[in-house]
Amino acid sequence: QLLVYFEDFVRIWCRLEQEANRAPKAGCLMEPTRFTRPLQASAGIQQMDEEALGQAISGYLQVFDSALKAYFAFLPQNAQQQAVTNIYKKHKNSLPLL
């Protein structure tokens, strides 16, 4: 059951990225027990030094982690999709990888 919920979370997350035109051309890739998302080679990312890129990746992972935790926290109320959407929208303009 846990994997079913995780796959649902990933579908929500990838849809949000696609709607915001932030998903890489390769898109989100979901396999059983595995989720991958390539970095998008935008002009802003290409100009980042290693420190800035590390910060950008860290910020993306922190928001992803917060959204995943919110998904499971709001699962009993059946409000998980809105919780993930709210977190994504709150951070999408402040992080270069979102």
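The shown structure was predicted, so the numbers you read here are calculated from the model rather than taken from an experiment.
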Would a 4.5 Å heavy-atom cut-off, applied to side chains only, mark [X] and [Y] as touching?
X     : Y     : value
Arg15 : Gln81 : yes
Phe6  : Leu68 : yes
Thr85 : Trp13 : no
Tyr71 : Asp8  : yes

**Message:** Using 30° and 60° as the class boundaries, would you call the ring planes of Phe64 and Phe35 parallel, tilted or perpendicular?
**Reply:** parallel
Whether over 12 other heavy atoms sit under 6.0 Å from Glu50 CD
no
Sorted by chain and number, sequence neighbours left out, salt bridge (charged side-chain N to carboxylate O under 4.0 Å, His left out) with Lys90 holds for none
Taken to the nearest 0.5 Å, the spacing of Cys28 SG from Gln18 CD works out to 6.5 Å
Residue pair [X] / [Y]: nearest heavy atoms and the distance that separates them:
X     : Y     : answer
Phe74 : Ala83 : CD1-CB, 3.5 Å
Thr36 : Arg34 : CG2-NE, 3.7 Å
Tyr60 : Leu95 : N-CD1, 4.3 Å

Salt bridge (Lys or Arg N to Asp or Glu O under 4.0 Å) evaluation trace for Lys92 with Glu17
CA-CA 9 Å; Lys92 77 175 182 176; Glu17 289 201 308; over 6 Å; no
Original post:
Does Ser66 use its side chain to pair, donor to acceptor, with the backbone of Gln62 at less than 3.5 Å?
Top reply: yes
Exercise for the section: Indicate if Leu3 and Leu29 have the same hydrophobic cluster label, given that clusters are the connected sets of ILVMFWY residues with side-chain heavy-atom separations under 4.5 angstrom. Expected result: no
query = Quick one: do Leu2 and Phe9 end up in the same hydrophobic cluster if we chain Ile, Leu, Val, Met, Phe, Trp and Tyr together by side-chain heavy atoms under 4.5 Å apart?
reply = yes
